[in-house]
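Naming convention: chains lettered A, B, ... in sequence-line order (proteins, then strands); numbering from 1 in each chain. All of these numbers come straight from a predicted model, not from anything done at the bench.
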Amino acid sequence: MNRFEYVRPRTIAEAVSAAALPGSAYLAAGTNLLDLMKIGVARPARLVDLNHLPGLDAVEHRPDGSVRIGAAVRNAALAADPAFARRFPAVAEALLSGASAQLRNAATAGGNILQRTRCAYFADPDSACNRREPGSGCDARGGENRLHAVLGWSEACIATHPSDFCVPLVALDAVVEIEGPGGAREVPLRDFHRLPGTAPERESALAPGELVVALRLPPGADRFAAHARYVKLRERTSYAFAVVSAAAGLRLEAGRIVEARLALGGVAARPWRAEAAERSLAGAAPDADSFRRAAEIALADARPSGENGFKIELARRIAARALALAAAGTPARLPALPASPFASAPSGGLHG
Amino acid sequence: MAEVISMRHGSSAGQPITRRDGPLKVTGAARYAADNHPPGLLHAVLATSAIGRGRVTSLDEAAARAHPGVVAVMTPANRPALAMDPDDKSVPFSFRMDLLQDQRVRYAGQPVAVVIAETLEAATEGAALLAPRYEAEPAEVSLDEGEAFVPPIVGAGAPAELRHGDAEAGLAAAANRIEATYETPTQFHNAMEPHGVVAAWDGDALSLDMPTQGFALTVMCLAALFGIPAEGIHIRSPFLGGGFGSKLLTGPQVLGILAARLVGRPVKLVLRRGQMYGPVTHRAPTRQVLRLGAAPDGGLTALHHHVRTATSRFDDFIEPSGGVSHTLYAAPAIRTTHEAVRLDTGTPGFMRAPGEASGSIALESAMDEMALACSMDPLAFRLRNYAEVEPVSGKPFSSKALRECYAQGAARFGWAGRPLAPRTMRDAQGMLVGWGVGTATFPAHLFQAAARAAIRRDGSGLVEAGAHDMGQGAWTAFTQIAAESLGLDVERVEFRSGTSDLPDAGIAGGSAHTATLGGAIRDAGLKAVARLAELATEDPRSPLFGAGNVGVVARDGRLLRRDDEGRGESFAEILARAGLAEVEAKGSAAPDPAAAEAYASHAHGAVFAEVKVDPELGQVRATRIVGAFAAGRIINPRLVRSQYDGGMIWGVSCALHERAAIDRRSGRVMNADLAEYHLPVNADVPSLEAILVEERDPHVNALGIKGVGEIAITGTAGAVANAVWHATGVRARRFPIAVEDLLLDPAAP
């Protein structure tokens with residue numbers, strides 16, 4: 001890797017100040033950044049190490065019902081927080097379906113939302129990649145692109161965002177708290193990741209030098225706790241990114257859906273909130289027909305970006321599955337294979 | 001000479017003792033090649049080609065040299081001279097290597113320069129700064145490209161075509177016929193320990209820490225390449241973190257040795273994970289066409305197995321996938337044919353069960369398809385076509401307990417009552433459930449090896465041989481054989497191994513290391529005991545005086561009269577009275593041409609697989625695997641079970657997971673890491689059981705061992721694929737089976 005300067009700030013203000021110099025990168029667990037540095041994809045001139053900043057590693061359940069997740073909270077610690085897992089079971093399930101136990105012990109909440117795409121062409125400095133090197137082209141087009149985007153992609157970039165954690169978070173209207181040279185601000189997670197358009201190198205709403213300090217779930221986000229699931233289709237049972245995934249939350253009253261939340265993972269450059277599908281479910285019966293209809297609405301704009309047309313139907317099916325599982329009720333305990341189709345099936349079993 | 005009988009002990013051959021190097025491994029004390037840091041060590045890093053074919057036109061050597069810590073940049077311009085062209089293949093079993101002989105690029109990932117620096121980080125950055133420029137030519141990397149040719153040989157020397165009987169006539173006469181095409185992908189060995197070397201020169205003497213599966217071959221090749229005496233080359237390879245056929249001498253390791261020559265200091269070169277997808281061999285992709293004919297009663301009338309595979313543009317290794325069809329099923333007409341195309345890739349090579357692994361997938365799938373065509377249970381169909389003699393040679397088997405494997409495996413799995421029709425079983429959740437079977441087979445090879453055994457003054461034993469422990473347990477199994485042959489407990493036997501200056505133990509390959517070197521160790525041990533017995537029985541002061549005719553028994557460090565075990569004395573007493581520090585003997589093992597002429601020798605097995613498939617999402621999980629294997633005598637059941645488990649897991653991987661994703665334009669492997677090149681994790685093999693079926697083989701070799709390293713990867717992938725069909729009704733013929741292959745119509749019954 002390239003030679004770089006290493007800075008260990010003691011406060012957030014020091015960190016923001018240190019990162020104001022061009023070429024800086026924040027280092028949290030490094031589970032993604034250090035890998036990218038080793039293969040020459042990331043070449044920061046300065047690493048600003050966040051691991052010694054105080055006050056970023058707390059999960060606060062606030063009196064107003066919101067929850068603030070410090071950016072440095074480790075994935076495993078968040079999933080293991082009993083109150084958090086009880087109030088936001090789909091988020092815990094998504095966290096535990098990601099990576100491996102070792103990575104979850106290290107990886108942070110802030111780092112998770114900022115992880116880079118797993119597109120092989122992005123990770124290969126010898127390939128053309130507009131995201132890595134603006135204007136160089138996109139070798140994923142016409143290449144190995146089975147797992148690439150089917151929603152929101154552009155001619156410039158067909159990569160997906162790989163996070164599991166972000167999928168239920170975006171469904172629950174999470175907010176990103178940011179500190180930066182211009183002070184503190186907030187951005188809804190749904191607006192945080194940018195679709196590629198003509199500038200795929202601009203991956204998030206963060207301005208240069210800005211630091212994610214926390215994620216916040218708003219008051220009432222736990223109203224879906226009784227009917228919330230995350231389902232993730234992988235090419236092996238564990239330690240694999242999603243081919244497609246879905247988070248679903250339902251509020252049921254008197255046998256009808258009062259309110260629904262649905263988001264998809266692995267389909268676009270951002271965690272994909274499916275609001276039109278959610279609206280279609282309001283007032284509907286929680287049955288297979290409603291869920292299938294919602295899934296079709298969610299994927300209405302989908303189109304293949306390569307040899308990945310199968311992902312569209314797969315995403316419909318996994319959306320319907322997540323909704324069906326959510327309708328069946330959140331299990332009392334997280335399954336042993338979190339988010340796996342093999343973990344649990346909707347009550348009454350699978351049709352088909 | 002007195003006849004000596006060796007007796008089994010609680011810890012000797014046949015016993016499931018734990019591996020002797022286990023504590024070293026779990027505490028991290030086992031020293032692998034890259035763990036060595038001699039004084040003055042420099043680090044070398046490869047720069048590799050990003051194009052699949054063409055020439056390197058420039059390297060920014062100045063930028064690399066200017067990077068702090070960089071000591072040297074090795075390119076074709078300054079690479080130390082070799083005594084032999086790296087494209088010369090006069091050393092047996094050697095392959096053409098890319099040793100910076102010129103600017104040509106023959107495949108993506110080919111080394112094009114080496115940067116040597118004070119630290120690994122500086123060398124890595126130096127290599128990146130070289131930023132090669134190329135004159136690229138279009139690369140061909142797909143089986144569909146290029147013109148196919150019929151190779152002169154396949155694998156290690158088998159004919160490309162074999163005809164037994166008239167396959168076309170057999171097919172024409174068949175009541176049932178199937179023809180199906182199966183595809184297997186390019187696979188890479190992915191040993192946990194990457195290829196590497198720590199090299200130090202002293203004049204023309206060369207000291208190497210380097211994992212190798214064959215000391216003697218490696219020394220011979222290095223001596224020829226560098227034009228130095230073989231005696232001056234000393235290699236230490238006490239442990240390998242897996243080899244699977246990829247750790248005979250490879251080009252990158254030689255580049256590390258050349259780098260040490262260039263800078264005159266010790267150099268360490270270790271491949272980065274991503275660099276192991278190019279210059280250290282792989283399993284070539286195959287497209288296999290199986291044509292089977294069967295009579296109304298299910299008896300095969302003909303079997304034609306055609307293989308299309310690929311080799312590199314500059315060297316030959318042809319995956320011999322058709323070989324399994326020669327030996328497994330009793331068809332009166334068998335034909336196997338191979339063709340290959342030349343691609344701009346590294347040269348493929350030996351990868352765990354080369355030929356058998358890929359061929360078995362196709363053959364076992366086709367047998368399943370034919371069983372269905374005959375409306376027969378797949379196991380009954382295999383039994384109907386059970387080969388009582390080796391089909392293509394007509395030779396009897398030296399032993400064959402395959403029937404028992406089928407029976408024990410089926411009983412343990414619960415095969416009886418399996419519905420014939422697919423998509424008829426579900427679990428309580430509604431997941432589709434399917435059961436499949438595959439037959440495992442692997443030939444019992446024997447190569448050449450030597451060993452030395454001694455019985456020392458204190459009554460302990462010493463056995464020496466340059467064996468290779470790739471993780472399979474060589475340190476343990478060979479000590480057990482030594483203990484048995486010496487009549488000692490394993491705790492009383494010292495086994496010296498893992499260096500090139502010890503007796504030539506042959507190679508760890510072909511599943512033949514235990515049989516081959518074990519035979520040499522046994523020979524040496526028995527001879528050493530016989531010398532001791534001679535001392536005793538000819539010495540009037542010994543209680544064994546005159547026992548030469550009745551024979552003596554070696555047990556627990558004592559020699560006993562066979563007809564009166566109350567009379568005897570310890571090894572130490574015999575040596576003390578004779579005034580000797582030790583008695584020693586050399587032993588050897590080599591193939592017995594008479595036995596090979598008279599018998600066909602193969603290990604066999606039966607693998608039963610259960611899979612569950614999500615009917616809507618297509619995700620597959622191999623929920624239960626039972627394999628029953630017969631491989632002659634078992635030296636250590638615990639270690640053997642590990643080999644079977646590992647093989648079956650790899651079989652699951654072949655069926656469901658593993659595939660190199662090669663960019664068709666650049667030839668680069670786009671998933672060259674262990675996050676994206678999917679191997680099974682624990683959760684993918686929740687229930688795995690290996691049954692060791694008893695088999696006595698008086699003919700195969702002195703110890704009756706057939707070898708267990710490779711067999712379990714065969715049979716398993718087919719069993720899993722057949723189970724997927726049984727679960728879903730979808731016959732996937734492209735491997736690994738992917739989600740999109742199983743996106744079923746959810747409205748189907």
Engaged part of B:Ile737 at the chain A interface, taking heavy atoms whose separation is under 4.5 Å: neither
Closest contact, heavy atoms only, A:Leu314 versus B:Val739: CD2-CG1, 3.6 Å
Under a 3.5 Å threshold, yes or no: a donor from one side chain and an acceptor from the other, between A:Ser127 and B:Arg668? yes
If every non-hydrogen atom of A:Arg43 is compared with every non-hydrogen atom of B:Ala128, which pair is closest and at what distance? NH1-CB, 4.4 Å
Identify which of B:Asn682, B:Val681, B:Asp684, B:Val620 forms the greatest number of heavy-atom pairs closer than 4.5 Å to chain A. B:Asp684
Sort B:Arg273 into side chain, backbone, both or neither according to what part of it lies under 4.5 angstrom from a heavy atom of chain A. neither
Minimum heavy-atom separation for B:Ala661 to A:Glu144, with atom names? CB-OE1, 3.3 Å
For A:Thr237 versus B:Gln619, what's the shortest heavy-atom pair and its separation? CA-NE2, 4.3 Å
Which bit of B:Arg664 is near chain A, if near means a heavy-atom gap under 4.5 Å: side chain, backbone, both or neither? side chain
Measuring from B:Leu742:CG to A:Phe310:CZ, what's the distance to the nearest 0.5 Å? 11.5 Å
Sort B:Ile662 into side chain, backbone, both or neither according to what part of it lies under 4.5 angstrom from a heavy atom of chain A. backbone
Could you state the interatomic distance from CG (A:Asn2) to CD (B:Glu125), rounded to the nearest 0.5 Å? 5.5 Å
Using non-hydrogen atoms and a 4.5 Å limit, figure out which bit of A:Lys38 sits close to chain B: side chain, backbone, both or neither. backbone
Output for pair (A:Ile312 CD1, B:Leu743 CG), nearest 0.5 Å, gives 11.5 Å
Taking every non-hydrogen atom, the tightest pair across A:Phe342 and B:Val613: CE2-N, 4.5 Å
Sort A:Ile318 into side chain, backbone, both or neither according to what part of it lies under 4.5 angstrom from a heavy atom of chain B. both
Can B:Glu616 and A:Arg321 be counted as an ion pair, charged N to O under 4.0 angstrom? yes
Can you check whether A:Asp139 reaches B:Arg665 side chain to side chain, under 4.5 Å on heavy atoms? yes
Please determine, among B:Ser666, B:Pro68, B:Ala122, the option with the most heavy-atom pairs under 4.5 Å with chain A. B:Pro68
Taking A:Arg146 first and then B:Glu740, would you say they form a salt bridge - that is, a charged N and a carboxylate O separated by under 4.0 Å? yes
Between atom CD1 of A:Ile39 and atom CG of B:Asp673, what is the distance when rounded to the nearest 0.5 Å? 7.5 Å
For the atom pair CD (A:Glu235) and NE2 (B:His657), what is the distance rounded to the nearest 0.5 Å? 9.5 Å
Using a cut-off of 6.0 Å, state whether more than 12 heavy atoms not belonging to B:Glu118 lie near its atom CD. yes
Would you call A:Phe241 and B:Glu676 a side-chain contact if the rule is heavy atoms closer than 4.5 Å? yes
How many angstroms lie between atom CG of B:Asp663 and atom CG of A:Asp126, to the nearest 0.5 angstrom? 11.5 Å
Can you check whether B:Pro680 reaches A:Arg236 side chain to side chain, under 4.5 Å on heavy atoms? no
